[in-house]
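In what follows, chains carry the letters A, B, and so on, assigned in the order in which the sequence lines appear, proteins first and then strands, with residues in each chain numbered from 1. Just so we're clear, the structure is a prediction, and the values are computed from it rather than from any experiment.
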There are 2 protein chains.
Amino acid sequence: MSVTMKQIAAIAGVTPTTVSLVMKDSKKVSAKTKEKIRKLMGDMDYYPDISASNLKQGKTNTIAVLSTFLHGIFKMEFVNGVESVIIDSPYRLNQFYTRIGEEAKKHKEILLGKMADAVITMSLNTDPAMLHTMRGKGKHVVLVEDVLEGFPGVKFDNFRGAYMATEHLIKSGRKKIAFSIAEFKMYSGHQNVDERLKGYKKALKDNNIEFDKDMIVELPNYTIETGRSIFTTLKNNRIKYDAIFCASGDLTAAGFLKEAAANKIGVPDDIAVVGYDDTIIASATSPGLTTIRQPAFQMGQAACRLAISLMEQKSGDNNRIIVFNPELIKRESA
Amino acid sequence: MSVTMKQIAAIAGVTPTTVSLVMKDSKKVSAKTKEKIRKLMGDMDYYPDISASNLKQGKTNTIAVLSTFLHGIFKMEFVNGVESVIIDSPYRLNQFYTRIGEEAKKHKEILLGKMADAVITMSLNTDPAMLHTMRGKGKHVVLVEDVLEGFPGVKFDNFRGAYMATEHLIKSGRKKIAFSIAEFKMYSGHQNVDERLKGYKKALKDNNIEFDKDMIVELPNYTIETGRSIFTTLKNNRIKYDAIFCASGDLTAAGFLKEAAANKIGVPDDIAVVGYDDTIIASATSPGLTTIRQPAFQMGQAACRLAISLMEQKSGDNNRIIVFNPELIKRESA
DNA sequence: TTGTAGGCGTTATCAA
DNA sequence: TTGATAACGCCTACAA
């Protein structure tokens with residue numbers, strides 16, 4: 001079906017070995033032979049069979065990104081960051097998804113099935129035993145967000161992000177600050193949920209504001225519709241508040257803004273709103289959303305560079321965790 | 001490094017052939033042998049080497065999605081649609097990017113280099129000669145958006161979408177309708193640009209409104225910032241208008257909304273706004289954006305199903321172009 | 001500077 | 001029901 005080295009070699013009157021050397025631009029081949037073979041490869045649309053090459057070399061030069069199905073804007077930006085590093089590297093990128101609960105199996109399938117030499121694992125609960133096994137077999141896993149001590153990873157400082165958001169609200173004169181976050185039960189094990197709550201509490205404490213658990217709204221997901229329900233829930237519960245920190249993300253904050261507007265509540269005059277993520281959504285709302293920027297693109301780049309460094313056995317990156325500092329982006333909502 | 005069939009076979013006291021048959025759940029193997037081997041595979045973390053399998057079988061069971069680097073929300077939803085079909089199929093998905101101008105080469109690299117058996121090509125200018133070559137070699141390409149007569153593809157009816165948007169504005173009493181779109185020069189060859197302009201013009205004509213080229217704003221890209229410039233440009237040019245159809249997409253419409261608000265122009269009271277795409281952005285703006293829904297997720301599903309049908313040689317899908325009808329989504333902006 | 005030969009792990013064919 | 005053998009296309013010693 002497709003052209004092989006053998007065919008090229010036959011026509012050029014050399015052996016496949018020579019063709020192979022030309023592919024690597026080896027200086028052991030004469031310029032004349034090279035040129036002749038290159039021309040043939042072009043004319044005949046020769047492209048090396050990656051499967052054969054991988055099989056022979058025992059590696060794939062491929063980095064995998066593994067996440068759950070149905071990803072959102074944050075993952076999109078992260079993957080764009082990964083790609084931006086890949087594009088100027090000799091590696092390829094391959095994205096995989098997994099169902100919750102099948103993470104370990106999927107890791108093995110990818111790494112032991114020789115689909116990739118390294119996996120970048122996005123926000124998944126990973127099994128330390130599996131990570132140890134993979135390490136023992138010379139396979140690499142870079143954890144994102146839900147990192148594990150002793151394994152390479154990249155993450156944001158969610159505590160600090162939440163602290164900054166809460167502090168900003170307090171500094172601008174707010175005293176009664178509501179807080180929305182993913183359901184603790186559903187998302188248990190995801191570090192960002194715990195850390196953000198801690199950051200919020202600490203900022204309150206440092207400013208002598210008492211924590212009130214009625215101010216916490218837990219959400220089953222991160223949609224705009226669910227964001228609207230934050231407003232409704234607080235209203236139904238007759239909570240008095242002058243600010244809300246939507247640690248559940250920009251999308252939910254956007255929903256809150258819409259529902260507040262529908263109820264003729266002014267933002268930020270009546271209620272100040274801070275989101276989380278600084279995805280494109282935060283720039284699109286009116287008023288513009290003050291939020292915590294998580295540089296997903298840069299984090300993707302860092303994760304990819306870390307994976308490459310591991311594959312190339314550089315230094316002692318084997319248990320390095322890179323922490324990114326979030327940044328407060330002030331717009332109009334707070 | 002990793003476990004191979006040979007090792008499993010040796011320990012089980014059978015030959016690799018038998019192990020291979022167990023992998024395919026062949027009924028030629030006795031239940032007892034199967035069970036023993038399955039257990040061993042589990043215990044030893046055996047996963048078949050995909051490269052070896054691909055090489056031997058001469059196919060990859062993989063579908064590629066090819067697009068340009070740095071994709072946006074639309075592509076994200078499209079790919080989610082593709083994945084939703086893949087997840088319940090025996091196929092794998094692999095995403096690739098290409099630089100503009102290298103499309104043909106990338107297609108060949110993927111298909112002839114055996115990285116995938118079919119390519120879903122997103123909004124790229126493809127070379128018919130290359131498509132013919134691939135077809136001759138039994139490789140499949142599904143075109144998305146920029147389709148070509150005689151080749152399989154999926155697309156939206158952009159003419160109809162633009163017509164609907166414009167007609168909606170006219171029916172709601174607007175007479176002077178501005179129009180924003182990607183730069184014609186830069187995006188020449190992309191069918192949606194031409195088709196949307198035609199739809200806009202036709203709707204005007206059918207309603208006895210004269211086309212005025214001063215009403216057209218051409219944009220170099222699709223960002224929110226660029227969307228703000230639509231407002232500024234029209235203002236600087238002293239154009240009188242009571243509505244705008246941002247055929248350049250929701251993101252640019254969101255930018256327009258923000259700049260209009262900053263200039264104390266009411267939407268929709270002073271100016272009605274219609275966007276294009278119905279991505280998540282349209283739900284996040286205030287006022288909510290009336291827009292043309294392009295079901296990207298469903299289109300991804302259709303593209304993937306078409307690719308699978310081609311690979312499985314079903315019917316005469318070889319030159320089938322599936323056209324999706326857009327839908328007007330009314331929110332508050334018009 | 002080029003050629004020979006063997007094998008990577010899997011699967012298909014044929015034989016037992 | 002299982003085994004022996006060869007081959008997919010490429011790469012890498014080593015030989016010439």
Using modelled atom types only, decide if a donor and an acceptor are shared between the side chain of A:S20 and the backbone of A:P16 within a distance under 3.5 Å.
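Looks like no, no N/O pair under 3.5 Å.
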Counting only N and O atoms by type, is there a donor-acceptor contact under 3.5 Å from the side chain of A:K36 to the main-chain atoms of A:A12?
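The answer is yes, because a donor-acceptor pair under 3.5 Å joins these two groups.
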When we call it a touch if two heavy atoms are under 4.0 Å apart, what does [X] touch: a base, just sugar-phosphate, or nothing?
| X | result |
| --- | --- |
| B:G113 | nothing |
| B:P48 | sugar-phosphate |
| B:T15 | base |
| A:K114 | nothing |

Is the NZ or CZ atom of A:K108 both under 6.0 Å from the centre of the six-membered ring of B:Y46 and within 45° of that ring's axis?
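Output no; distance or angle outside limits.
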Using a cut-off of strictly less than 4.0 Å, decide whether [X] has a side-chain nitrogen or oxygen near OP1 or OP2 of [N].
| X | N | value |
| --- | --- | --- |
| A:S51 | D:dG9 | no |
| A:T18 | C:dT1 | no |
| B:Y46 | C:dT10 | yes |
| B:S53 | C:dT11 | yes |

Could you check which of C:dT11, D:dC10, D:dG3 has an atom nearest any side-chain atom of B:Q57?
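It is C:dT11.
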Of the listed nucleotides D:dT12, C:dT10, D:dT1, the one nearest the side chain of B:S30:
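Among the listed nucleotides, the one closest to the side chain of B:S30 is D:dT1.
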Could you tell me how far apart [X] ([atom1]) and [N] ([atom2]) are, to the nearest whole angstrom?
| X | N | atom1 | atom2 | value |
| --- | --- | --- | --- | --- |
| B:Q7 | C:dC8 | CD | P | 11 Å |
| B:M5 | C:dT11 | CE | P | 4 Å |
| A:I50 | D:dG9 | CD1 | P | 14 Å |

Nearest heavy atom decides the nucleotide; on that basis, is B:P16 or B:L55 closer to the 5' end of DNA chain D?
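Looking at DNA chain D, the more 5' nearest nucleotide goes with B:P16.
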Base of C:dA12, side chain of B:K56 - is there a donor-acceptor contact under 3.5 Å?
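Donor-acceptor pair under 3.5 Å: no.
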Is any N or O donor-acceptor pair between the side chain of A:T17 and the base of C:dT4 shorter than 3.5 Å?
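Answer yes: a donor N or O sits under 3.5 Å from an acceptor.
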Ion pair present between A:K137 and B:D45, side-chain N to carboxylate O less than 4.0 angstrom?
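Salt bridge: no.
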With a 4.0 Å cut-off, would you call B:R99 and A:D88 a salt bridge?
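Salt bridge between B:R99 and A:D88, a charged N being under 4.0 Å from a carboxylate O: yes.
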